[in-house]
Student: 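Okay, handing you the structure first.
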Amino acid sequence: MPEPDHAPLTESEAAAEARRLIEDAYQPALPIPTTYRDTSPVPAIGPTPPVPQPGRPPMSQRATDASALMLTGSVAALSVSGGVSLLLYTLGQVDPLALAVGAAGPVALVLAAGSLLKSLGRAKADMSTTTTHHHHYAGPVRQETTNLSSTTKGMIARTNNTLGGS
């Protein structure tokens with residue numbers, strides 16, 4: 001049987017070693033890190049994709065203006081519909097036919113105006129197509145061209161004609 005590497009402990013040494021082991025067992029463990037902060041400087045540019053930011057998403061100026069206009073319109077519609085609801089509540093009872101006519105009138109007007117604007121846009125697009133004319137002559141030629149440009153703006157038309165020739 002091989003000999004042990006060290007001599008046996010005395011009773012006081014064994015008690016001291018037992019006390020040390022028990023104290024070590026009841027010591028709180030070292031905290032385990034759950035986060036890591038990288039303190040190295042971030043490059044100004046690089047291949048990292050953009051990160052979505054909180055709030056409204058990035059949009060063009062035109063889209064932002066349209067969005068603000070829609071939000072404003074919804075607030076206006078809410079106040080108008082609230083006023084109509086209050087009016088109907090105070091009246092007590094309303095003839096359904098009169099209510100339908102009153103509600104359909106503005107809608108019909110908006111649809112008619114939209115149809116008119118759409119047809120005017122198509123007519124303007126049809127007029128703006130340019131054609132190229134090729135004429136072949138065998139003698140001296142004098143050619144005159146006159147262009148008439150018209151700009152009409154607003155509900156009450158004010159027409160500004162510009163006559164240009166070349």
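For this chain, numbers begin at 1 and follow the sequence in order.
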Student: Where the side chain of Ser115 meets the backbone of Ala112, is there a donor-acceptor pair that is under 3.5 Å apart?
Tutor: no

Student: To the nearest 0.5 Å, how far apart are CE in Met70 and OG1 in Thr72?
Tutor: 10.5 Å

Student: At what distance, to the nearest 0.5 angstrom, does CG of Asp24 lie from CZ of Arg19?
Tutor: 12.5 Å

Student: With the threshold set at 4.0 Å, does a side-chain nitrogen-carboxylate oxygen contact exist between Glu23 and Arg20?
Tutor: no

Student: Looking at Gln27, I'd like to know if its CD atom is crowded, meaning that more than 12 non-hydrogen atoms belonging to other residues, nucleotides or ligands lie closer than 6.0 Å.
Tutor: yes

